[in-house]
**Q** 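Shown below is the structure under consideration.
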Amino acid sequence: MLQQFENPANPKVHRETTGPEIWKDTDGLVDVLVSGCGTGGTITGMEQMLITGAKGGKKKGPQGPHRIQGMGPGMVPKVLDLNLIDEFIGVHSDEATDMSHELWMMGLPVGISSGAIVHAAVNVCKTPETAGKFVVAIIPSFGERYFTHPMFAEVKEKAENLQKQPLPEPFDNKDYGFATSRG
């Protein structure tokens, strides 16, 4: 999408597709939405559709420089409607990385921004105000584009240090019921 930080089509697509899809999948039980603010389109469009009783944004936790790709500190995209946001929760880069790694180990290959959002959502769910509430967290990034991130340094080092193994001797496929000896 061109000019996604400014293009009104960005929140519109989430208002018309993502929001209704989540509303339908949750039977309309969404009480809290936890989302990152990259371009501002997802959270603005989702909130415009869901309208979960936002009170206007207040910052919670430290804000500032970080290493979380996809979310810019201090940048307010033109498509972001701050009046729809209840609070901003700061997440440290290390917390985002740790959560991303934990999600990978669970079988959810996500990026660093998703780790930040899930970390924030877990903390939101621990508050007394959300007891018994239905919390939805938006996971915006798949992990394939983060293989060069420091989060994967240990995995990369292990892969680079693997010892080459000889290939097994060829076998005859006829022994296994196939018509030809090699497949």
**Q** Just how far is it from atom CD of Glu102 to atom CE of Met99, taken to the nearest 0.5 Å?
**A**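 It is 5.0 Å, given to the nearest 0.5 Å.
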**Q** To the nearest 0.5 Å, tell me how far Ser100 OG sits from Met105 CE.
**A**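 Reported value, rounded in 0.5 Å steps: 11.0 Å.
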**Q** Which atom names give the shortest non-hydrogen contact between Ser114 and Ile139, and what distance separates them?
**A**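 Taking Ser114 first and Ile139 second, the nearest heavy atoms are OG-CG2, 3.1 Å.
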**Q** In terms of side-chain heavy atoms, does Thr130 have a donor or acceptor partner in Thr127 at a distance below 3.5 Å?
**A**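 Yes, a side-chain donor-acceptor pair sits under 3.5 Å.
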**Q** Do Val13 and Thr18 come close enough that some side-chain heavy atom pair is under 4.5 Å?
**A** no
**Q** Is there a donor-acceptor pair closer than 3.5 Å between any side-chain N or O of Glu95 and the backbone N or O of His92?
**A**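 Yes; at least one donor-acceptor contact below 3.5 Å.
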**Q** Considering residues, nucleotides and ligands other than Phe178, do more than 12 of their heavy atoms fall under 6.0 Å from its CZ?
**A** no
**Q** Identify the heavy atoms of Ala120 and Ile89 that sit nearest to each other, and give their distance.
**A** CB-CG2, 4.3 Å
**Q** For the atom pair CD1 (Ile112) and CG (Asp98), what is the distance rounded to the nearest 0.5 Å?
**A** 9.5 Å
**Q** Is it true that Val118 and Phe142 fall in one hydrophobic cluster, defined by side-chain heavy atoms closer than 4.5 Å?
**A** no
**Q** Under the side chain to side chain contact (heavy atoms under 4.5 Å, CB included) criterion, do Asn123 and Lys126 qualify, and how do the steps go?
**A** CA-CA 5 Å; Asn123 287 334; Lys126 290 179 182 177; 4.0 Å; yes
**Q** Which atoms form the tightest heavy-atom contact between Gly107 and Pro109, and what is the distance?
**A**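 Nearest heavy atoms, Gly107 then Pro109: O-CD, 3.3 Å.
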**Q** Ignoring hydrogens and angles, tell me if any N or O in the side chain of Asp31 forms a donor-acceptor pair with the backbone of Lys133 under 3.5 Å.
**A** no
**Q** Check the pair Val136 / Thr26 against side chain to side chain contact (heavy atoms under 4.5 Å, CB included), numbers first and verdict last.
**A** CA-CA 9 Å; Val136 171; Thr26 62; 4.3 Å; yes
**Q** Report the distance from atom OG1 of Thr180 to atom CG of Asp172, rounding to the nearest 0.5 Å.
**A**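 So the gap between those two atoms works out to 8.5 Å.
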**Q** For residues Pro140 and Ile117, report the shortest heavy-atom separation together with the two atoms involved.
**A** CD-CD1, 3.6 Å
**Q** Using the salt bridge (Lys or Arg N to Asp or Glu O under 4.0 Å) rule, collect all pairs that involve residues 7-21, keeping only residues at least two apart or in two chains.
**A** Lys12-Glu16
**Q** Apply side chain to side chain contact (heavy atoms under 4.5 Å, CB included) to residues Met46 and Ile138 and explain how you reach the verdict.
**A** CA-CA 10 Å; Met46 290 280 301; Ile138 302 297; 3.9 Å; yes
**Q** Do Leu33 and Trp23 belong together in a cluster built from hydrophobic side chains that touch within less than 4.5 Å?
**A**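 Yes; tracing contacts between hydrophobic side chains, which count when under 4.5 Å, links both residues.
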**Q** Return the CG to OG1 distance between Asp94 and Thr97, rounded to the nearest 0.5 Å.
**A**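 Atom-to-atom, Asp94:CG and Thr97:OG1 are 6.0 Å apart.
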**Q** What do the steps show when you test Glu47 against Asp81 for side chain to side chain contact (heavy atoms under 4.5 Å, CB included), and what is the final call?
**A** CA-CA 9 Å; Glu47 283 291 344; Asp81 185 348; over 6 Å; no
**Q** Show the nearest heavy-atom pair for residues Val79 and Pro8, with the distance to one decimal.
**A**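 Looking at all heavy atoms of both residues, the closest pair is CG1-N, 4.3 Å.
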**Q** When rounded to the nearest 0.5 angstrom, what is the spacing between CD1 in Ile22 and CG in Leu29?
**A** 13.0 Å
